[in-house]
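Below is one structure, written out as structure tokens; comments come after it.
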Amino acid sequence: MNYISTRGGKDKVSAAGAIKQGIAHDGGLFMPETIPTLDNQDIAELCEMSYPERAAYILSRFLSDYTYEELLEDCTAAYSPDRFVGGAAPITKINEKTFMLELWHGPTSAFKDMALQIMPKLLSRALVKTGEKRCALILVATSGDTGKAALEGYRDVDGVKIMVYYPVDGVSRVQKLQMSTQLGENVAVCAIEGNFDDAQTGVKQIFGDESMAELLDKNEVFLSSANSINWGRLAPQIVYYVSAYCDLINSGEIYVGEKINVTVPTGNFGNIFAAFIAKQMGLPLNRLVCASNKNNILTDFLSTGVYDRNRSFYTTMSPSMDILISSNLERLLYVMSGCENTAELMKKLSTEGKYSIDEALKAKLDEHFTGLYCDEENTAAEIKRTFNENGYLIDTHSAVGLNCAKQYMETNSDGVKMLVVSTASPYKFAADVYESITGKAPTDELSALSELSALTKTEIPYPLKDIDKREIRFNKVIEKQSMSDEVLNTLGIER
């Protein structure tokens with residue numbers, strides 16, 4: 001299976017080539033030429049497998065230049081019990097119609113671990129498969145969780161360095177500490193004055209800078225990505241939707257072939273796009289509910305067909321969704337309208353900050369997606385209500401998802417069971433979760449962890465215990481215009 005650009009450029013590469021390169025030379029994102037299929041017999045067989053076996057099976061359908069044995073070895077290591085304490089993707093039943101898919105039991109307590117524990121292994125093999133001798137520099141923009149998960153996944157991986165940028169005031173205190181205390185000889189972290197979109201735009205500009213690429217190449221370095229613009233990051237996300245469906249069958253909640261709805265809290269559209277790909281493969285998914293916070297650009301787009309990033313940006317208690325440029329939406333546009341239209345729309349977004357789609361494309365979107373949003377007040381109320389009524393503790397992002405799921409079920413009588421994606425441990429956002437439940441602010445952001453634990457009689461996850469006692473290694477803050485210079489400084493390269 002080969003991979004091509006969403007914008008129709010001349011890139012046509014293998015899976016390993018797509019994972020190594022990260023982004024196409026025309027600025028587009030890589031997509032497989034075809035989508036493999038799953039039927040009910042495949043799903044029945046997957047029900048008998050462990051999570052690593054399911055992951056190897058699904059990935060083998062997309063990464064044809066990797067052997068199943070290689071993938072199984074890597075997936076077994078990535079999703080081992082010591083890395084995912086409590087399981088890779090367990091499901092908690094809220095009521096007869098609602099289930100939470102918990103994706104935050106990995107080493108950084110966020111769903112990004114599901115992809116970023118396996119992705120470095122895929123890249124390492126890609127370097128060998130493509131005969132690459134240069135050092136790969138993984139360049140990441142993060143709104144909080146991707147950065148730490150990528151740093152942890154790529155820590156001390158041979159032939160790879162990683163550099164992470166985050167908005168200095170756009171992540172939680174816990175997220176900032178997780179990144180600034182990161183161990184590893186090949187890692188670097190830097191904050192920027194600006195928001196996540198500034199960080200993401202800066203990273204994209206570095207990727208598109210030919211003179212930078214030439215300079216790095218002279219110094220035996222090339223750029224790659226760990227954001228969900230990289231197919232090696234997105235493909236593993238498809239797995240947990242398939243696995244969750246199998247687990248619902250195994251628990252007797254659904255039968256093979258029964259449709260379910262899925263609600264995904266998302267900002268960059270990667271997580272919900274992975275669900276869409278699973279649906280395209282043949283997984284019986286009915287409605288895909290795209291849940292946004294106060295930065296509800298995706299809700300507006302799915303409702304009106306107009307994508308307009310020329311709007312106010314809000315800093316919310318669900319910072320991983322504080323995004324106005326949803327990169328993976330480009331992949332959906334490509335699947336539904338082809339590369340020529342996608343290239344035109346992306347050009348308009350770059351030059352005008354907005355685009356609109358025609359009625360035919362809007363109708364295609366309506367067949368699959370519903371866009372809803374949850375503001376700050378309702379996010380807090382959902383956390384409190386879910387804990388008080390269900391005895392179940394959720395983080396701010398999962399609260400957005402659960403609230404939007406309830407909105408959908410209240411206005412749609414399809415009777416289909418709902419799977420809600422829970423993307424982070426409540427302890428990653430302990431201060432906001434504590435205040436949502438009690439109506440009072442904790443002593444401070446760090447003491448909030450112990451205060452939340454005492455209040456709810458739940459344990460602080462092992463990756464977050466004593467985080468305030470770790471050594472700060474990275475505390476640099478730069479202007480967003482200086483990102484490319486900082487890359488060179490970190491590498492010790494002069495212009």
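Atoms considered below: every heavy atom in the structure, side chains included; atoms not considered: hydrogens, waters and symmetry mates. Every value quoted in this text rests on a predicted model; they were computed, and no experiment measured them.
For the salt bridge (charged side-chain N to carboxylate O under 4.0 Å, His left out) with Asp145, the qualifying choice from Lys112, Lys176, Lys428 is Lys428, the only one to do so. For the side-chain contact (heavy atoms from CB on, under 4.5 Å) with Asp468, the lone residue among Asp444, Val174, Leu446 that qualifies is Leu446.
From Glu376, atom CD reaches atom OG1 of Thr315 across 9.5 Å, with rounding to the nearest 0.5 Å. Here OG of Ser143 is found 10.5 Å from CG of Asn195. Values are rounded to the nearest 0.5 Å. We find the NZ-CG distance between Lys218 and Leu215 to be 7.0 Å, quoted to the nearest 0.5 Å. Annotation: the span from Asp395 atom CG to Phe111 atom CZ amounts to 10.5 Å, rounded to 0.5 Å. Distance check, rounded to the nearest 0.5 Å: CG of Asn489 to CD of Glu486 gives 5.0 Å. The CG atom of Leu116 sits 8.0 Å away from atom OG1 of Thr108, with the distance rounded to the nearest 0.5 Å.
Screening residues 134-189 for ring-ring contact (aromatic ring centres under 6.0 Å, His included) gives no qualifying pairs among residues at least two apart or on separate chains.
Between Glu132 and Lys20 a salt bridge is recorded (basic side-chain N to carboxylate O distance below 4.0 Å). Ion pairing between a basic and an acidic side chain is recognised when a charged N comes within 4.0 Å of a carboxylate O; Glu33 and Lys12 show such pairing. Look at Asp466 and Arg470 and you find no salt bridge, because none of the NZ, NE, NH1 or NH2 atoms lies under 4.0 Å from a carboxylate O. By the 4.0 Å N-to-carboxylate-O rule, Glu73 lies close enough to Arg125 to be salt-bridged with it. Between Lys294 and Asp375, none of the side-chain N atoms (NZ, or NE/NH1/NH2) sits under 4.0 Å from a carboxylate O, so this pair counts as no salt bridge. Salt bridge present: Glu152 and Arg155 bring a charged side-chain N and a carboxylate O closer than 4.0 Å.
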Residues Asn293, Ser318; criterion side-chain hydrogen bond (donor to acceptor under 3.5 Å, both in side chains); working and verdict: CA-CA 7 Å; Asn293 64 11; Ser318 47; 2.9 Å; yes
Salt bridge (charged side-chain N to carboxylate O under 4.0 Å, His left out) assessment of Glu340 paired with Arg7: CA-CA 6 Å; Glu340 187 173 330; Arg7 302 184 191 180; over 6 Å; no
Criterion side-chain hydrogen bond (donor to acceptor under 3.5 Å, both in side chains) on Ser327 and Lys204, from CA distance to verdict: CA-CA 10 Å; Ser327 294; Lys204 284 185 175 181; 3.1 Å; yes
Intermediate values then yes/no, salt bridge (charged side-chain N to carboxylate O under 4.0 Å, His left out), Asp217 and Arg134: CA-CA 8 Å; Asp217 183 59; Arg134 296 171 296 173; 2.9 Å; yes
Criterion salt bridge (charged side-chain N to carboxylate O under 4.0 Å, His left out) on Arg495 and Asp485, from CA distance to verdict: CA-CA 9 Å; Arg495 285 191 185 274; Asp485 289 337; 3.1 Å; yes
side-chain hydrogen bond (donor to acceptor under 3.5 Å, both in side chains) between Arg331 and Thr342, intermediate numbers included: CA-CA 9 Å; Arg331 283 190 164 109; Thr342 301; over 6 Å; no
Check against side-chain hydrogen bond (donor to acceptor under 3.5 Å, both in side chains), Ser14 and Asp65: CA-CA 7 Å; Ser14 66; Asp65 47 345; 3.2 Å; yes
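More than 12 heavy-atom neighbours from other residues, nucleotides or ligands sit within 6.0 angstrom of CG on Asp156. The environment of Lys129 atom NZ is dense: over 12 non-hydrogen atoms of other residues, nucleotides or ligands sit within 6.0 angstrom.
Between Phe369 and Phe276, the distance from one ring center to the other falls under 6.0 angstrom. You'll find the ring centres of His397 and Phe429 inside the 6.0 Å limit.
Using a 30° and 60° split on the angle between ring planes, Trp231 and Tyr3 fall in the tilted class, from 30° to 60°. Below 30°, between 30° and 60°, or above 60°: for Phe84 and Tyr79 the angle between ring planes is between 30° and 60°, a tilted geometry.
Contact annotation: the side chain of Glu494 never approaches that of Leu488 to less than 4.5 Å [non-hydrogen atoms, C-beta and beyond].
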